[in-house]
Q: 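Let me begin by handing over the structure; questions about it come next.
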Protein chains: 2
Amino acid sequence: MQQRTGRPTSRDVAALAGVSVATVSYVLTGRATKVGAETRQRVLEAARQLDYAPNQSARSLRRRKTERICLVVGSIGVPAYDQLARELHDKADEEGHGVLTIVVNNAQRAAQTIELLHQRIADGAVIASSVPFLDGDALRALARSGLPLVVMSNELEPEGFDVVRAPERPACTEAVDHLFAIGRKRVAYVGHHREVSGDSGNHERLAAYEDSIQRHGAKRIVVDGADDRVVAYRAVENLLRQKDKPDAIFAASDRAAISAIWAARDAGLAVPTDLAVVGVGNLEDGLITKPPLSTVGPPQLDFSATTSMLFERLAATDPPAGREVTTPWSFIQRESA
Amino acid sequence: MQQRTGRPTSRDVAALAGVSVATVSYVLTGRATKVGAETRQRVLEAARQLDYAPNQSARSLRRRKTERICLVVGSIGVPAYDQLARELHDKADEEGHGVLTIVVNNAQRAAQTIELLHQRIADGAVIASSVPFLDGDALRALARSGLPLVVMSNELEPEGFDVVRAPERPACTEAVDHLFAIGRKRVAYVGHHREVSGDSGNHERLAAYEDSIQRHGAKRIVVDGADDRVVAYRAVENLLRQKDKPDAIFAASDRAAISAIWAARDAGLAVPTDLAVVGVGNLEDGLITKPPLSTVGPPQLDFSATTSMLFERLAATDPPAGREVTTPWSFIQRESA
DNA sequence: CTGTTAGCGCTTTCAC
DNA sequence: GTGAAAGCGCTAACAG
């Protein structure tokens, strides 16, 4: 009725070792105390000989857990997520868990991911910020179903899951206001592709910009490029060629801000004299630009709160109520603005 | 004997809809033709009402496949892998598969990953190049066990899995030789951390450098930084402060090469007149430096061969023998050297 | 068209 | 200390 895979099962090991499958299980799951040393050796030898590895699906089906956690991010190659991924991996290693990373950048993948999580592909998950298409209802349902979940979001309320906030808006406002305070008149915004194309997503950076230019009666100049160094460079290069060129740039990412500094220098302009530049993210890379990059972000990239909360939830016998922690964000003035 | 999870099962749905679990399965797996429209509706409604999602472990256990593929990379934030990840995700989407990414950068994670793959956490896998600690024996065993596998490697022979090669060595040699050909005497190498610290890994870039300087009777100058823009900048900045400063840099990554260009410019040196720079990778970013970056790499970043081979293997009824494809690599001269 | 049933491979009481 | 046996939740013959 069911043909064999070719992969050895615990039954094969048991047969070869001349014991029962139960004993194989005991030995391989470390319940070693119950098994005699000699039997134990025979089982181990048989397993080695057959190159046996227990089937994970069967094991999780039975155990009702996977020993895996899942990291859901909105895109690949974003420095802050890379850092989060690194920290989560390290923590997971300590706890003997594996990490699965899933990239969600369209509605189909969002639905698929919710499904995967529902299907208990992992024992818990971290949803990184600005993952689009992942709505509160789906996340609440997931939490209700008992999945430990930590969500980085400024909108969602903790409801069965923990929330990590990053108050970007006031810090960004401070940054843009600063540009006007130092006398800039034409402040351009280099945004994420989604923002620029009018798509949904986290609008705090753009909103802070729009609000500030409006208060200062300045013109709205918005270009694409925060997701890509090359796009940003070309966009700023282009901006600087116009006769009404901006005298300040607020970029939604440090990568774009760095591209802006190069573009200015390559165009023979001085930063910040001719063009003031502010980024967002507080990447280390901002320290090696000339001049050092003024930016908006947390004092340092650190996701320990996020990772700890997940593992606390995983360990908890009865699930803690939804917690809420806030990462401090501020305008970090260096020399580019 | 086994307490309930709280999550609804197909039995719950069946009960609510007043049908058998088989019917539930038929409806939910699209075997819709066999089920009457009215029954079908009832099942769908019951499932919706219970917020039911089929248990993935049970399903894979039964179906003997997971509809997932796995991407194994050596580290996070490397542009080429990001590109590979994007392409793999796109292809997987088309085929209705999910993608799990696993990062392996130490021996423990390597062992753990082999285990996960053995345990059929996914139906197939791509092993990106320069994943350390993943030895041929383990991969061959995996392939022997029937797992579709595509490995990017210059050392391994195809044995039950496909191999994608990138002949870096000759292209790198050409690049370093070029530096000497244009009259450079002191060529420094900015390498990956593992190379510099004498750790294992892919040594082709370093080997090409060492071979070339030896043939030209030049001094070996090796610093760390290919993995990190900031480290690279500081290393080159430091190199350029010395009295015997290099007149050329061969960097094992374009990111490091770009940092080298900045460092030179910030130190008031002209590129390539005072310092010639060559990178590796052929990133788009090299096009926006001033001057444009000479580099070593494929004509364009394209992993379609890799991804297609995996999906061909997944679809194949009888596994193709190990294939071998080679990505063309060459020295791409632009203006920085 | 729908239900019955036999497992997928593993873990875990419960006896012996 | 070890084995027999009962499922975990689902799918896929097979019967009707």
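All chains are named by letter (A, B, ...) in the order of the sequence lines, taking the proteins before the strands, and each is independently numbered beginning at 1.
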Q: Let me know, please, whether A:Val21 or B:Val21 comes out on the 5' side of the other along DNA chain C by nearest nucleotide.
A: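 Nearer the 5' end of the strand: B:Val21.
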Q: Would you name the heavy atoms of A:Met152 and A:Ala128 that are closest together and state the gap between them?
A: SD-CA, 3.8 Å
Q: Quick check for you: among D:dT2, C:dT2, D:dC10, whose closest atom lies nearest to any side-chain atom of B:Thr39?
A: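 Of D:dT2, C:dT2, D:dC10, C:dT2 is nearest to the side chain of B:Thr39.
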Q: So if I take every side-chain heavy atom of B:Ala58 and compare against D:dT11, C:dC14, D:dG9, which nucleotide ends up nearest?
A: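 For B:Ala58, the side-chain atoms sit closest to D:dG9.
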Q: Ignoring the backbone of A:Arg11, work out which of C:dT11, D:dC10, C:dC8 is nearest its side chain.
A: C:dC8
Q: Quick one: A:Leu61 CG to D:dT11 P, roughly how many Å, whole number?
A: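 To the nearest whole Å, that distance equals 12 Å.
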Q: Can you find a side chain N or O atom of B:Ser10 that sits less than 4.0 Å from OP1 or OP2 on D:dC10?
A: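 Result: yes.
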Q: Are A:Ser20 and D:dT2 close enough that a side-chain N or O sits under 4.0 Å from OP1 or OP2?
A: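 It does not, given that no N or O in the side chain of A:Ser20 lies less than 4.0 Å from OP1 or OP2 of D:dT2.
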Q: Supply the atom-to-atom distance A:Lys91 NZ to A:Leu310 CG, rounded to the nearest 0.5 angstrom.
A: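 Reported value, rounded in 0.5 Å steps: 9.5 Å.
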Q: Distance check needed: C:dC10 P versus A:Glu67 CD, whole Å only.
A: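 Roughly 16 Å, once rounded to whole Å.
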Q: Expected output is a numbered-order residue list: members of residues 41-51 of chain B with a heavy atom under 4.0 Å from any atom of DNA chain C. What is it?
A: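 Heavy-atom cutoff 4.0 Å gives no residues at all.
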Q: In whole Å, I'd like the distance from the CD atom of A:Gln56 to the P atom of C:dC8.
A: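 Rounded to whole Å, this separation is 19 Å.
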Q: Across the strands shown, which category fits A:Ser60 at heavy-atom distances under 4.0 angstrom: base, sugar-phosphate, nothing?
A: nothing
Q: What are the two closest heavy atoms between A:Asp162 and A:Ala321, and how far apart are they?
A: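 Here A:Asp162 and A:Ala321 meet closest at OD1-O, 3.8 Å.
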Q: Find the distance B:Tyr26:OH to D:dC10:P and express it as a whole number of Å.
A: 15 Å
Q: Could you tell me how far apart B:Arg63 (CZ) and D:dG9 (P) are, to the nearest whole angstrom?
A: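 In whole Å, D:dG9 P and B:Arg63 CZ are 17 Å from each other.
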Q: Among the nucleotides C:dG3, D:dT2, C:dG7, which one has an atom lying closest to any side-chain atom of B:Arg62?
A: C:dG7
Q: Taking atom P of D:dG7 as reference, at what distance in whole Å does atom CZ of A:Arg64 sit?
A: 13 Å
Q: For the ring pair A:His97 and A:Phe311, is the centre-to-centre distance below 6.0 Å?
A: yes
Q: Ignoring backbone atoms, test whether A:Thr9 places a side-chain nitrogen or oxygen under 4.0 Å from the OP1 or OP2 oxygen of C:dG9.
A: no
Q: Nearest heavy-atom pair of B:Arg59 and B:Pro54: which atoms, and what distance?
A: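 Minimum heavy-atom contact is NH2-CG, 3.5 Å.
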Q: Could you tell me which non-hydrogen atom of A:Ile102 sits nearest to which non-hydrogen atom of B:Val99, and how far apart they are?
A: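 Nearest heavy atoms, A:Ile102 then B:Val99: CG1-O, 4.0 Å.
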Q: Phosphate oxygens OP1/OP2 of C:dT2: is one of them under 4.0 Å from a side-chain N or O of B:Thr23?
A: no
Q: With a non-hydrogen cut-off below 4.0 angstrom, is B:Val24 in contact with a base, only sugar-phosphate, or nothing?
A: nothing
Q: Given atom CG of B:Leu28 and atom P of D:dA12, what is their separation to the nearest angstrom?
A: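 Between P of D:dA12 and CG of B:Leu28: 13 Å.
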Q: Which of these, A:Val163, A:Val150, A:Leu314, sits in a side-chain contact (heavy atoms from CB on, under 4.5 Å) with A:Met309?
A: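 For A:Met309, the side-chain contact (heavy atoms from CB on, under 4.5 Å) check succeeds only for A:Val150.
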Q: Can you measure A:Arg120 atom CZ to D:dG9 atom C1' for me and round it to whole angstrom units?
A: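 Whole-Å distance recorded here is 14 Å.
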Q: Kindly point out which of D:dA4, D:dG9, C:dG9 is positioned nearest to the side chain of A:Ala22?
A: D:dA4
Q: Is a side-chain donor-acceptor pair under 3.5 Å present for B:Asp123 with B:Thr66?
A: yes
